[in-house]
Undergrad: 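Questions regarding the structure given below will be posed in turn.
Letters A, B, ... are given to chains in the order of the sequence lines, protein chains preceding strands, and every chain is numbered from 1.
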There are 2 protein chains.
Amino acid sequence: MPTIKDVAKSAGVSPSTVSRVINNHPRISSETRKKVKESMKRIGYHPNIIARSLVKQKTNTLGLVMPYSTEEAFADPFYSEILRGIGSVAQDKEYSLLLITSNGEQEELEVTLKAVRSKRVDGLLILRAKSNDALLKELKELETPFVVVGRPEDEKNNFWVNNDNIESTKNLIEYLIGLGHKRIGVITGDSEYIVYKDRLEGYRRALYHNGIEYNPNYVIQTTGHHGLTTRYTKELLESYPKLTAIFAVDDLIAYGAILGIKELGLKVPDDISVVGFNNNPLSQLITPALTTVDINIFELGSTATKSLINIISEDPKEYYHEIVKTNIIVRDSCGGDKGEVDGNGE
Amino acid sequence: MPTIKDVAKSAGVSPSTVSRVINNHPRISSETRKKVKESMKRIGYHPNIIARSLVKQKTNTLGLVMPYSTEEAFADPFYSEILRGIGSVAQDKEYSLLLITSNGEQEELEVTLKAVRSKRVDGLLILRAKSNDALLKELKELETPFVVVGRPEDEKNNFWVNNDNIESTKNLIEYLIGLGHKRIGVITGDSEYIVYKDRLEGYRRALYHNGIEYNPNYVIQTTGHHGLTTRYTKELLESYPKLTAIFAVDDLIAYGAILGIKELGLKVPDDISVVGFNNNPLSQLITPALTTVDINIFELGSTATKSLINIISEDPKEYYHEIVKTNIIVRDSCGGDKGEVDGNGE
DNA sequence: GTGAAAGCGCTAACAA
DNA sequence: TTGTTAGCGCTTTCAC
């Protein structure tokens with residue numbers, strides 16, 4: 001493989017001149033530029049990025065910290081989609097993407113810190129926000145630029161990009177309340193993840209603002225394992241048969257819930273209304289099509305990436321965050337409360 | 001950030017000795033080794049991978065060529081899952097993963113070749129097999145190690161890992177035939193992708209081996225856009241109401257097909273049986289739960305990665321490929337042929 | 001077993 | 001506008 005020296009020789013100039021041509025240095029005669037470019041083409045030269053990274057002390061690479069996860073969590077197309085968003089701007093800004101995967105909290109920490117310390121990446125995108133996150137603390141000590149997709153606990157002292165999960169959920173639940181629902185069950189996920197905390201908070205606020213008392217027994221925490229979701233939903237509905245609606249904090253959880261409802265011999269939306277969250281592309285294909293919230297995953301990814309690149313290059317003095325808007329997608333999984341109050345079938 | 005020189009100074013040895021310690025060189029006294037390791041820890045030294053890559057002419061990085069894709073194709077958890085498989089062995093063998101994304105054939109080619117020429121990666125994992133693939137040709141010229149996940153056209157002259165799609169599909173269709181089905185519609189995907197070609201071939205072979213004539217009108221090609229899948233399925237069934245089963249080449253396509261069947265007022269599996277492929281985790285959650293083929297995506301990824309690393313380090317003289325086994329997962333979406341022949345409800 | 005020196009391929013002062 | 005030189009942080013002969 002030819003190096004910059006070979007080009008220099010072949011073009012009859014010095015290596016530094018070749019370097020200047022590569023880097024579009026302004027003070028170079030168009031004649032030399034042309035000559036050099038021809039030589040590069042002729043001998044098939046391509047700059048060695050590794051060498052450049054070494055001298056520039058910059059890799060032009062972004063690390064993507066993927067959540068370590070069970071099989072099922074990974075089945076979530078969320079990650080494919082956010083990768084698209086990230087990839088599109090990284091491509092555009094000439095950044096490469098280093099995928100950082102792991103099989104648990106400890107490994108994630110080790111592997112991520114290693115990538116930073118060994119200077120493999122210029123910055124990191126953390127694709128989740130957790131409570132009590134040791135990774136963020138370590139990263140701050142290393143003074144690595146990073147942005148969190150999600151709302152970190154210490155929201156004032158981090159860069160992050162997120163939806164307004166509290167407000168979005170509040171709106172979603174108020175849609176349900178507007179339909180006449182008052183006893184709304186919740187199937188939520190691991191409360192270690194702040195996204196689920198926030199969605200639960202949005203649920204509570206919606207109830208509060210509408211004078212409905214919050215009943216913690218209506219809230220079930222599941223583990224992301226679909227089979228369990230189905231079972232828990234059935235148990236919930238058996239214990240509280242007066243529930244007229246279920247709010248699942250994620251569409252995938254909603255799928256399991258719907259299955260549970262069906263297994264009880266109940267119908268969605270006639271007997272029970274169901275809403276999900278995230279607008280999984282499959283949600284329009286299931287029966288009934290699921291009412292959910294579109295969180296604009298692609299934009300979450302692209303915005304976070306733009307931010308990170310900005311932070312790397314500008315080193316802003318103040319932390320900031322960005323909110324990506326959401327939209328309720330009303331489909332067929334909700335009906336009015338046709339419970340005991342009016343009981344009129346259609 | 002401390003360098004190898006700082007460690008050397010602090011430990012009172014030469015940089016080369018430190019390097020030897022880092023690389024577990026055998027001929028080093030355990031005393032010096034200990035001394036050096038202590039110094040490294042004390043001053044917080046971590047080797048700079050970029051510098052090492054430059055001198056070793058090896059990055060220990062694998063490039064992952066993701067299919068450029070529309071939103072919907074990306075919604076496929078296939079990619080999340082294969083990333084898990086790849087990540088797990090890469091992690092284990094101390095390789096990093098560079099994600100290569102693009103928005104079209106041309107960009108994919110450019111971006112991938114750039115990663116190779118600029119020496120960013122030691123090898124590539126190509127996550128799809130297409131007909132007439134310009135990328136593979138270029139890659140061979142560059143003599144980059146790569147392995148294809150899928151069956152490349154020129155199967156004798158490439159490294160690849162795949163399921164036996166022909167045989168697996170044949171088995172699946174024979175399961176349907178065993179249930180009494182003779183007129184089986186097919187909803188397939190872009191025939192540019194060899195996986196779909198192979199599955200169609202498996203379908204044909206199953207018919208042939210069972211003395212059933214192949215009717216090309218029963219085969220519909222769709223584009224991956226779910227809405228269209230639904231529509232095409234309806235059109236197919238309206239044109240050929242005698243079809244008693246539908247074979248969708250991918251579970252995602254099956255979901256669209258089932259929706260179309262429902263919209264026609266028909267029932268799965270009572271009126272029409274449906275089978276899919278890939279065992280998408282959601283397939284157990286839909287109603288009816290979908291009969292499909294588990295292709296062991298994780299293993300596809302891990303096997304391909306092991307192969308690639310082997311090729312990089314061993315430079316084998318002969319091309320080879322590996323087949324990952326599949327399993328039919330029988331669920332609730334198929335019934336016996338209850339069409340005009342016997343017509344007995346249950 | 002350890003050190004000195006050269007060099008991986010590139011960029012960036014500093015000169016000219 | 002261009003060339004010379006030094007050096008990014010590491011590994012690797014070659015001596016000793």
Undergrad: Quick one: is C:dT2 close enough that its OP1 or OP2 comes under 4.0 Å of any side-chain N or O from B:S29?
TA: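 For C:dT2, OP1/OP2 do have a side-chain N/O of B:S29 under 4.0 Å.
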Undergrad: Base, sugar-phosphate or nothing for B:I28? Non-hydrogen atoms, less than 4.0 Å.
TA: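 The answer is sugar-phosphate, as B:I28 gets under 4.0 Å only of primed atoms, P, OP1 or OP2.
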Undergrad: Any N or O donor-acceptor pair linking the side chain of A:R20 to the base of D:dG3 at under 3.5 Å?
TA: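 Pair found.
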Undergrad: Which sits closer to the 5' end of DNA chain C, A:T17 or B:A51, going by the nucleotide each is nearest to?
TA: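 Nearest nucleotide further toward 5': that of B:A51.
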Undergrad: If you compare every side-chain N and O of A:T3 against the phosphate oxygens of C:dG9 (OP1, OP2), does one of them come in below 4.0 Å?
TA: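 Result: no.
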Undergrad: Please tell me which of the listed nucleotides, C:dC8, C:dT2, C:dT11, lies nearest to the side chain of B:V55?
TA: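 Nearest to the side chain of B:V55 among the choices is C:dC8.
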Undergrad: Looking only at the aromatic ring of each residue, does the gap between the centers of B:F159 and B:Y320 stay below 6.0 angstrom?
TA: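 Centroid distance B:Y320-B:F159: below 6.0 Å, so yes.
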Undergrad: B:Q57 side chain N/O closer than 4.0 Å to the phosphate oxygens (OP1, OP2) of D:dT11?
TA: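 So the side chain of B:Q57 is outside the cut-off, no N or O lying under 4.0 Å from OP1 or OP2 of D:dT11.
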Undergrad: Identify, between A:S19 and B:R33, the residue whose nearest nucleotide on DNA chain C lies closer to the 5' end.
TA: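 Its nearest nucleotide lies further toward 5', so the answer is B:R33.
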Undergrad: Looking at D:dG3, I'd like to know if its phosphate oxygens (OP1 or OP2) sit under 4.0 Å from a side-chain N or O belonging to A:S16.
TA: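 No.
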Undergrad: Determine yes or no for a side-chain-to-main-chain donor-acceptor pair under 3.5 angstrom, with A:S53 supplying the side chain and A:I49 the backbone.
TA: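 Side chain of A:S53 to backbone of A:I49, a donor-acceptor pair under 3.5 Å: yes, one is there.
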Undergrad: So, is A:N23 near the phosphate of C:dT11, with a side-chain N or O under 4.0 Å from OP1 or OP2?
TA: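 Checking A:N23 against C:dT11: at least one side-chain N or O falls below 4.0 Å of OP1 or OP2.
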Undergrad: Between D:dG7, D:dG9, D:dC10, which one does the side chain of B:I4 approach most closely?
TA: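 My answer, after comparing the listed nucleotides, is D:dC10.
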Undergrad: When B:V36 is tested against each of B:I28, B:I22, B:V21 for side chain to side chain contact (heavy atoms under 4.5 Å, CB included), which residue passes?
TA: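 Looking at B:I28, B:I22, B:V21, the match for B:V36 under the side chain to side chain contact (heavy atoms under 4.5 Å, CB included) is B:V21.
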Undergrad: Report yes or no: does B:N163 contribute a side-chain atom to a donor-acceptor pair with the main-chain N or O of B:I295 at less than 3.5 Å?
TA: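 Answer holds: yes.
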Undergrad: Is the NZ atom of B:K140 crowded by more than 12 outside heavy atoms at less than 6.0 Å?
TA: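 Yes, enclosed.
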Undergrad: Just the rounded figure in Å: distance from P of D:dC10 to CZ of B:R52.
TA: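 Distance check: B:R52 CZ to D:dC10 P gives 8 Å.
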Undergrad: Tell me: CG of B:L54 to C1' of C:dG7, nearest whole Å?
TA: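 It is 9 Å, rounded to the nearest whole Å.
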Undergrad: Among C:dG3, D:dT11, C:dG9, which nucleotide sits nearest the side chain of B:V13?
TA: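 It is C:dG3.
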Undergrad: Out of C:dG3, D:dT1, C:dC8, which has the shortest distance to the side chain of A:R27?
TA: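 Of the candidates, D:dT1 comes closest.
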Undergrad: Does a side-chain N or O from A:T32 land closer than 4.0 Å to OP1 or OP2 of D:dT1, or not?
TA: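 Answer no for this pair, as no side-chain N or O of A:T32 is under 4.0 Å from OP1 or OP2.
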